[in-house]
Amino acid sequence: MIMAGTQDKKIPTLTKSRLPTFNSAKKRARSPDENSTKTVTTEKRRKLLSASTENLHDRSIQSASNTSLNRSFRPSNSTGSLRSGSSALNKTTTAVVRPTTKQTPRAGVGSASKAGVGSKKPPVASTVPKATGSSKAKRPAWDLKGRLQDMEELLNRQSSQRDSLENQLQDYNSRIASLESEKNRLYGDVQSKEEKVHGASKQIEEYRKQIREQEANFEETKRRLQTEIDSITFMKDSLQRQKEALEGEVSVKTVEVTGLKSTVAELQTAQVGIAAQLDATKVSLEQSVSAGREKDGMIADLKQQVAAMEAQINQYKIKEQEHETMRRKLHNTIQELKGNIRVFCRVRPLLGDELLGNDGTIPHMGFPDADSKILELEKTSDAALNESCLTANRKGNNKYEFAFDKVFNPESSQGQVFEEICQLVQSALDGYNVCIFAYGQTGSGKTYTMEGPTQYCPEQTGMIPRAVVQIFQSTQDLVTKGWQYEFEASFMEIYNESIRDLLGNNSDDLKHDIKMTGSADKKDVMVTNLTTVMVTSENQVHELLRKASHNRAVAETKCNERSSRSHSVFRLKISGINKHTQESCTGTLNLVDLAGSERLKDSGSEGARLKETQAINKSLSTLSKVIMAIANKDGYIPYRESKLTYLLQNSLGGNSKTLMFVNVSPKEECFQETLNSLRFATKVNQCNIGTAQKKSK
């Protein structure tokens with residue numbers, strides 16, 4: 001309202017003076033109803049604006065989530081181009097749909113008063129560019145109508161932006177739907193391709209299986225055809241040989257026919273004047289033809305005879321194997337008839353100073369029979385004898401006669417002695433237990449008989465080396481008949497009733513015990529911790545014998561300057577099998593050199609030698625008891641009283657073949673010991689240990 005007295009004043013000055021400012025202390029008074037109405041209207045507009053803003057924000061979030069969901073449904077087995085295309089599409093959709101507006105908190109009831117004092121403007125989407133040019137002046141807090149108008153304009157702009165975004169979202173959704181359909185189509189194509197590939201793989205595997213079957217059939221056909229080719233080649237060779245034989249016959253016949261033709265020509269030339277000769281020629285021609293026919297028949301007969309001979313040769317080969325088996329049985333029968341325990345007596349010759357004064361003769365010994373089975377002793381001096389010597393076997397006052405399976409005089413060689421025992425050694429190859437041991441006083445030649453001299457001499461080789469040579473030579477002959485053998489050698493000695501390994505290092509930590517092994521009907525003696533060597537040649541065995549001889553315990557006594565102070569036992573276990581007849585056998589050859597038997601007063605032993613002599617005499621005394629118990633067929637036989645008899649129990653009382661050499665000295669001062677040794681040998685010779693049985697595996 002303008003007053004008349006103030007018309008000359010400027011309007012801006014009046015306006016400025018009449019309009020209230022933000023900082024003016026005075027305000028226009030309003031009625032309570034106006035204030036209440038304006039407050040309600042403002043609250044409604046604010047709620048409407050907040051709801052539209054939230055709706056727009058929720059749609060933006062939904063669009064972003066749909067895009068993310070479409071990305072998660074990408075097929076896993078799609079091709080590389082589909083994956084790259086979907087990835088690019090997802091990136092594009094995400095870049096477009098992702099909301100860029102920031103959500104502002106909803107305005108409360110008291111926000112109208114805060115809007116007038118430094119309050120922020122309503123949120124606007126970042127995708128819509130801000131208004132350019134001069135911005136409107138900030139409305140005062142009391143101008144609610146103007147502020148509502150601004151809010152409505154902002155709401156309209158946001159509504160248009162929302163519609164634009166919804167249109168874009170629909171376009172993107174349609175594009176996503178088309179891409180989804182394309183993805184499903186491509187996924188179906190991939191599945192069909194995979195099924196085709198799987199089917200093709202199965203078909204390829206079937207083709208490979210058919211190829212392998214065809215290859216196997218081809219190999220089988222090839223082998224069959226090769227066999228037929230070989231048989232045809234063999235038939236061809238045989239027919240070729242027959243052809244050559246027939247061609248030879250034809251050539252012979254051709255020669256004969258040529259001769260006959262020449263004869264006929266000559267006869268035809270002389271036909272006119274020699275009619276009688278022509279008749280004779282005709283007769284001779286007929287005879288020649290008949291002779292040719294006879295020759296043809298003879299050739300056919302000879303062929304049949306050759307075929308029969310070949311069949312007979314095969315039968316002879318079979319019979320040869322049967323004869324070998326029969327030979328082994330007959331050989332064993334012959335050995336049984338000779339006795340399963342035999343005793344040979346051997347008298348050594350005089351040596352060195354013993355030859356002085358007697359020209360090499362032994363006056364108190366005689367060999368009266370031609371079969372060399374009897375030994376006579378005659379006491380020529382006045383020395384008294386034991387009462388045990390004045391019993392049986394006396395022929396006169398001072399004569400004694402002993403009969404054995406064989407008696408070897410001092411002139412007998414090592415070869416002659418071995419000839420008598422070689423058949424017994426052969427029994428070990430045939431699968432029997434064989435034991436050969438030498439018994440006698442010290443210095444009677446036991447070690448010489450069994451092992452030979454210290455210096456090697458082929459003519460004086462002992463029984464052990466000769467037996468080894470015979471076994472390996474016989475093995476070579478039996479190999480051609482299908483036999484194969486394995487040999488296991490061991491060498492031990494019994495010294496002071498303890499066992500020492502002559503092939504080992506004789507460690508004191510190793511204890512050697514005798515044990516029985518095997519079943520009740522096939523018991524065998526085994527020595528624990530004993531060195532056994534698999535041998536393949538006689539030279540290898542000879543090396544073992546030399547090593548054992550070096551390790552054996554010997555000492556000097558009054559009876560002998562180098563006396564064996566232990567019992568040595570060489571064992572050779574033989575295992576054989578015939579690959580043609582499948583026959584098998586297992587035999588053991590025991591070659592034993594007993595220690596010298598001597599009386600304590602004669603040996604002059606003291607200290608350690610005395611202990612050795614007592615152990616030797618005890619073991620030999622036990623051997624005598626065992627022999628007597630076997631001869632008397634006692635129920636109890638004292639094998640365990642001595643390590644020697646316990647070790648040899650299978651050779652003394654078992655199913656074995658046993659040979660005892662009783663060696664005697666030719667010296668007359670040894671008459672007493674010689675008589676005792678011969679009496680003991682006589683008891684052994686009268687012993688019957690039963691029938692030997694062959695051992696098989």
Distance-only polar pair, side chains of [X] and [Y], donor-acceptor under 3.5 Å:
X    : Y    : result
S412 : N409 : yes
R571 : N590 : yes
T532 : E488 : yes
E641 : Y646 : no
N663 : T449 : yes

What's the spacing between [X] [atom1] and [Y] [atom2] if we round to 0.5 Å?
X    : Y    : atom1 : atom2 : value
D371 : K373 : CG    : NZ    : 6.0 Å
L623 : S642 : CG    : OG    : 8.0 Å
K579 : K481 : NZ    : NZ    : 14.5 Å
H542 : T461 : NE2   : OG1   : 7.5 Å
L350 : R348 : CG    : CZ    : 7.0 Å
H364 : L377 : NE2   : CG    : 6.5 Å

Side chains of [X] and [Y]: does their closest heavy-atom pair fall under 4.5 Å?
X    : Y    : result
I471 : L572 : yes
L678 : V664 : yes
L502 : K547 : no
Y485 : I574 : yes
L545 : P465 : yes
E673 : T442 : no
Y448 : Q460 : yes

Practice task
Look at atom CE of M534 and say whether more than 12 heavy atoms of other residues, nucleotides or ligands are closer to it than 6.0 Å.
Solution key: yes

Practice task
For N539, look at atom CG and say whether over 12 heavy atoms of other residues, nucleotides or ligands are found less than 6.0 Å away.
Solution key: yes

Practice task
Tell me, with the steps shown, if Y400 and E378 meet side chain to side chain donor-acceptor pair (under 3.5 Å).
Solution key: CA-CA 6 Å; Y400 303 88; E378 183 178 2; over 6 Å; no

With sequence neighbours left out, write down each residue that passes ring-ring contact (aromatic ring centres under 6.0 Å, His included) with [X], or none if nothing qualifies.
X    : answer
F661 : F344
F680 : Y439
F487 : F472

Handout entry: F570/F491 aromatic ring centres below 6.0 Å
Key = yes

Practice task
In sequence, state the C-alpha distance, the side-chain angles, and the governing distance for R346 and V662, and then conclude on side-chain contact (heavy atoms from CB on, under 4.5 Å).
Solution key: CA-CA 6 Å; R346 187 178 190 186; V662 53; over 6 Å; no

Exercise for the section: Apply the test side-chain contact (heavy atoms from CB on, under 4.5 Å) to residues I494 and S566: give CA-CA distance (whole Å), side-chain angles for both, the deciding distance (0.1 Å), then the verdict. Expected result: CA-CA 6 Å; I494 301 175; S566 64; 5.9 Å; no

